[in-house]
Amino acid sequence: MALAGRRDAPEPPDFGILKRLARDQLVYLLEQLPGKKDLFIEADLMSPLDRIANVSILKQHDVDKLYKVETRPGPGASDQFCFLVRPRVRTMRFIADVTCDEWSFYLLPLDEDIISMELPEFFRDYFLEGDHRWINPVARALQLLNSLYGPFGKSYGIGRCAKMSYELWRDLEEESDTEGQGRKPEIGHVFLMDRDTDYVTALCSQVVYEGLVDDTFRIKCGSVDFGPDVTSSDKSIKVLLNSQDKVFSQIRNEHFSSVFGFLSQKSRNLQAQYDRRRGMDIKQMKDFVSQELKGLKQEHRLLSLHIGACESIMKKKTKQDFQETIKAEHSLLEGFDIRESTSFIEEHIDRQVSPVESLRLMCLLSITENGLVPKDYRSLKTQYLQSYGPEHLLTFHNLKRIGLLTEQAAGETLTAVESKVSKLVTDRAAGKITDAFNSLARKSNFRAISKKLGLIPRLDGEYDLKMPRDMAYVFGGAYVPLSCKIIEQVLERRGWQGLEEVVRLLNGNEFCVSDSAVEDNPAWECQRVILAVFLGGCTFSEIAALRFLGKERGCKFIFLTTAITNSARMMEAMIEAKA
Amino acid sequence: QTGYTEPWLELYSMEWGLREDLRDCVVAAAPYGGPIALLRNSRRDKTPSARPLLEIYSASGLLLASVPWKSGQLVHLGWTAGEDLLCIQEDGTVLVYNLFCEFKRHFSMGNEVLQNHVLEAQVFHTEFGTGVAILTGALRFSLATNIDDLKLRRLPEVPGLQKPPPCWTVLAQDRVTMVLLAMGQELFLLDNTSCSVLVSPAGPSGVPGAPRGARAVLRLDGLGSTWDGGSCPCPWMGWNCWDLMSLPTQPIPRSRCWKGSWKEIMEAVGCCQVLAVGPGATPRLEQPPHPRFVPIPAEASQEIFRIASMAPGALLLEAQKEYEKESQKADEYLREIREQQLLPEAVGQCIEAAGYEHEPDTQKSLLRAASFGKCFLDKFPPEGFVRMCQDLRVLNAIRDYQIGIPLTFTQYKQLTIEVLLDRLVLRRLYPLAIRICEFLRLPEMQGVSRILAHWACYKVQQKDKSDEEVAQAINQKLGDTAGISYSDIATRAYDCGRAELAIKLLEYEPRSGEQVPLLLKMKRSKLALGKAIESGDTDLVYTVVLHLKNELNRGSFFMTLQNQPVALSLYRQRIEGRVAALQNALDEFYKAKNDFAAKATEEQIKLLRLQRHLQEELDKPYLDLSLHDTVATLILDGHHKRAEQLYRDFRIPDKRYWWLKINALATRGDWEEMEKFSKSKKSPIGYLPFVEVAVKHHNRYEAKKYAPRVPPEQRVKAFVLVGDLEQAAEAAIERKNEAEMSLVLSRCSPGTDGALAERLNRARAQLLKK
């Protein structure tokens, strides 16, 4: 980072090893049970397992049949059962009298720069329930990555969970005293961040292509099911979305408005390549068929899929007044026309557009405004309950506890008190008082942070989304994702100096530790490889923003997340299902 | 132990003290050591006053039951596979009795049989069940292959049949049932469609499907099977009734009593085992006084007991005997076996042979020999030996004349222990069955519990004991044994007409869920309701209430509930229970000073009560809908007044109510009401939503009505929506709004709206100029 000027970002390390490690360990465990066996898998482990070891590998190791863990074995079942489950109480009731072994599978590389722990429940378990059980896996994951690609020279982080995970990991390292030293590290920095540091970004509608696809079709474990409306046939197609997909890799990080243009350009190019066939002699034709045609056909197939996806997204979004929603969102982020946005949300609920969407907008309003005014809070809640039933009282309770949808304390807004106080005493003391308030009721302080960090770009003229100038492009030029901005700032300053005010507004818990044992050699490539760890999930928009930043700064971001998330997933984690 | 010098083995000396000649009785013995049915004096003594006795004996001749025969002329007796007695009367009626002469049911073999009368009949067994074949007075065959699924079939005529054939039998093979009959020098095969000659004096003819090189046709146990002299294809081990025809070298038997020597039979039968109950059913030998068993020795037995046999088993047996005599010859014999390394075979042979022996002493000496030989073997698997000991104990126990089920080892294996237990239960030999279960350590659910349950079901039929006594006796014996369902026993009691006993038995049923259904079936709904309430299981209560609701008409249902205040309140509880829970929540919310949640809860209680009311009144499910959906459903069903009431009662915000109402009206297609509504007062949401909703439901005509009422700033959009570009353009030009002009322009197609586009372009240019 120290080096100015644009350099090519380094290649990411090879994460295929992670996959092979997980597979070898699974095979080892299966071989501990000689003979035919049936494998019972928990539903949410199905897709990850598929990415690690496919059915034929399982069959090779005497797995006879595969069941979901809830199913009872039918007749003709093998006499050995093997259960592959997460440690959860509710699954244990299907299983009795077993010997346990641990399959230490923490990390699933989804792409060349994304590793997921596939723990979607992390978000609710930790942030809502205060359950610390998943911190150990995080620490172990860090330990594994450190031993394979480290040692990491410098660790930064912000958030309580980040701090705990970091400390537990250091403890583990001390206990294990592995000989990781002497190897040339491949990852230089690690940055840990709690999701609650930045809820705003996760709540925004995504407009980069990959994010939109996730919002619209739900990307599961790196692949998506494109339904009949996309494939324009009568069956769904499962598509793996990663950098191997030549078309996708070029558009995934683009703002949606430029995707169509790109795709049509691409299809014209493709047509041109097809057209070259005319006027070829036999030899050229032979070469063409043997070398290029297959690639072209493959590309053609992908192209038509993504065009179909775009059309389907357009259709859905125009139906829901997407433009209006985006407009409302932007004014919330900028803090203009709050009244109008509130009535927009009210109408949104009244028209019963979508329960999850309405909830998301309410949360966004609350978090950008440091809580809702009591009158609005009550009326919106009443409207929502009338629409979707009283059981959502519990949903609202959850949202309040986690700090996503809160009510401003009656009579005084915190900022008002704060400003009064700060006039009387020194900044430092004021900070302490605010901290005290914050611990009483979690305040997002979004507006203040946004001002401090300049998250809302000043607009002079049209923002050219095709040639983005900063990370704000992932939200149509209206907002730089807070999480990414923090990472950028900290890396730039090589620490938290100068960000004290922001840290205070973010409730602290920041840290920055250099490993003295590791040489700080700026010449090493690894100095430009940063592992960004999101505890509680990260969105594709954030990934796109940091990829952009990496390109700009000549460095490479690797993402480790407990799961890929988006606004809908976050809301659904909070909603109390009908009993 | 000199082997088999006698060709048969006497099983029992019959206890029945029969004075009559069996020839004068109608007799049937059931397969697999089953009971023997006997009707004395049926044919000879035709005086109506003398009622003949129908008697059933065990295979050892113990009288199981008897009943005076009051029905018509009996022609034939036969047993089903499930040990029911079939009594075939002359008029073609078949009466079914159980083992204890208790009448079960009857069926008829059809009109044709009724008219022509039964001349002869046979009961036969197929893989589907038990069948009956009739030879009528018209010399035609009628048969039903499965009496449990009665389908009568009349076989074609046999050409040239002038008198009853001297010998005929039913063959069931590969799902086809045929009749084989002998007449003179010829043998006919009669199937569904035709009659073919199988063997003529000239020799076997080549009828397809006929047993190749047929020399003998055996009917074993009614399960017809052909035998071609070599291997034994008989799937069923033979029992006591058989026909044997030796063809064509032997003369065709004149009567169905085939005369021949045992030796010949044995040769003919080959490897089969045949048990002949001497005074058996139709065919018999020279009427030996006792049931005899003709053992065709298994290979193992033959090997061992052959005179001067040098088979390893035989040597081992000798060795053991010498060992007992403390003679050194034991060692010699043993060494001889071991030198040939045949000791495992020797032990195996002895174990196997023990199974085929009937004398416990012989069994013991063989097993002792096996045990002796085992000592000299490493790792000889003990299971076979142990199982044989167990099996023999069971077999010896049931062969006892008190029990009288003389099964052979092979039969026992074919029958399986489960079926054997069933048969013991059928004979009401509960203690023995339980003893066997315990001895074989069968799981309780399959073994002891099941038998106890059967016992209890039998017990409830004992009418001489009071309900109280029976119930107590049953509970004493059964206690809390796992797998016993008191409700099943109670059901049986109810089926026997003992409702009071059934209720008493139900008292012992620990699962209320099991009590209630039977009580409902017994139409004791009051009691059922009581039990359900007692159980504290609300689901059960609703089961009863719903049952009542379905059973009774609306009026009497409520009358019943009115008469039973508990039930009425329970019916209400369906909602009231939830209301109560909400009320608790409400109190807690107040305590916590959470006014908002308290109010929301209060509203929900109000809504639930209202929904119940609506549900009862409109007969449509309203419960569990949100307030919004409740109102929407009301409007969709045209209950506008009620919807209005809810809107006021729950203080639904105007905007919501308008959105809700126009959406619902449009869905309902009630455009008239919508127009009325739009004029009722000034719309709080404007009139663009009216246009949008109408367009969404593809009604442009209606949409157009509202477009002019849309305020100017939205009017262009409204006109574009309804497709009136002309008006849209006009409005846009009037408003001098460039963006709106562009919007309209983008909708203009160059072909049809050329003039309009030009006008717009001009206006826009003018605007830009300024």
Side-chain angles (χ1 to χ4, degrees), chain A residues 315 318-321 323-324 327 339-340 342-355 358-359 362 366 371-401 405-410 575-579, chain B residues 578-579 581-582 585-586 588-589 592-608 611 622-632 646-647 649-664 666-667 684-686 688-689 692-693 695-696 714 717 721 743:
Chain A
K315 218 185 275 166
T318 42
K319 214 185 258 169
Q320 290 172 14
D321 292 328
Q323 288 307 328
E324 301 268 308
K327 219 176 94 192
R339 207 51 275 148
E340 204 168 292
T342 312
S343 47
F344 175 81
I345 297 171
E346 206 166 28
E347 192 181 305
H348 199 269
I349 301 170
D350 285 352
R351 297 174 64 181
Q352 310 250 79
V353 181
S354 138
S358 297
L359 217 49
M362 284 160 76
S366 160
L372 300 178
V373 208
K375 186 175 142 280
D376 290 346
Y377 183 65
R378 275 154 183 271
S379 86
L380 286 177
K381 243 165 87 171
T382 311
Q383 303 274 324
Y384 195 85
L385 294 181
Q386 287 188 351
S387 282
Y388 301 112
E391 59 274 18
H392 285 291
L393 265 179
L394 299 176
T395 308
F396 284 111
H397 177 69
N398 289 346
L399 288 170
K400 189 170 187 172
R401 225 166 59 175
L405 185 57
T406 54
E407 182 181 7
Q408 286 172 8
I575 287 178
E576 290 295 327
K578 237 178 190 168
Chain B
R578 285 164 55 186
V579 168
L582 284 171
L586 183 65
E588 297 302 319
F589 278 136
K593 299 217 163 39
N594 189 339
D595 293 345
F596 179 82
K599 193 158 163 275
T601 315
E602 230 166 53
E603 299 254 288
Q604 181 58 22
I605 295 175
K606 197 162 117 189
L607 182 65
L608 269 177
Q611 284 174 334
Y622 276 93
L623 273 182
D624 293 328
L625 295 182
S626 71
L627 177 62
H628 183 107
D629 294 339
T630 311
V631 179
L646 256 74
Y647 154 65
D649 285 356
F650 287 87
R651 286 189 300 282
I652 297 175
D654 284 355
K655 281 187 182 178
R656 163 186 293 273
Y657 184 64
W658 279 69
W659 272 112
L660 184 163
K661 183 150 181 173
I662 60 171
N663 266 312
T667 310
I685 52 172
L688 187 62
E692 285 174 348
V693 166
V695 169
K696 199 173 127 202
Q714 291 177 323
K717 192 181 172 194
L721 271 176
L743 176 75

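Lettering follows sequence order; numbering is per chain, from 1.
- For the atom pair CD (A:Q386) and CG (B:D629), the distance works out to 11.5 Å, reported to the nearest 0.5 Å.
- Considering CD of B:E692 and CZ of A:R351, their distance stands at 5.5 Å, rounded to 0.5 Å.
- Not counting sequence neighbours, B:E602 has no partner by the salt bridge (charged side-chain N to carboxylate O under 4.0 Å, His left out) test.
- The line from CD of B:Q604 to CG of A:L385 is 9.0 Å long, rounded to the nearest 0.5 Å.
- Here A:K381 contributes atom NZ and B:F596 contributes atom CZ; the two are 4.5 Å apart, rounded to the nearest 0.5 Å.
- Heavy atoms from other residues, nucleotides or ligands lying under 6.0 Å from NZ of B:K655 number 12 at most.
- Using a 4.5 Å cut-off between heavy atoms, A:S379 does not touch chain B at all.
- Using a 4.5 Å heavy-atom threshold, the side chains of B:W658 and A:D350 count as separate.
- Remark: A:K327 NZ is loosely packed, at most 12 non-hydrogen atoms of other residues, nucleotides or ligands lying under 6.0 Å away.
- In this structure, the side chains of B:I685 and A:E347 stay at 4.5 Å or more apart for every pair of heavy atoms.
- Atom NE2 of A:H392 sits about 9.0 Å away from atom OG of B:S626, to the nearest 0.5 Å.
- The structure places CZ of A:R378 at 6.0 Å from CG of B:D595, a figure rounded to the nearest 0.5 Å.
- In this structure the side chain of B:R656 reaches within 4.5 angstrom of the side chain of A:I349, judged on heavy atoms.
- B:P653 places none of its side-chain heavy atoms less than 4.5 Å from the side chain of A:E346.
- Contact detail for A:L393 and B:A600: the closest heavy-atom pair is CD1-CB, 4.1 Å.
- Closest non-hydrogen pair, B:H628 versus A:S387, comes out as CB-CA, 3.8 Å.
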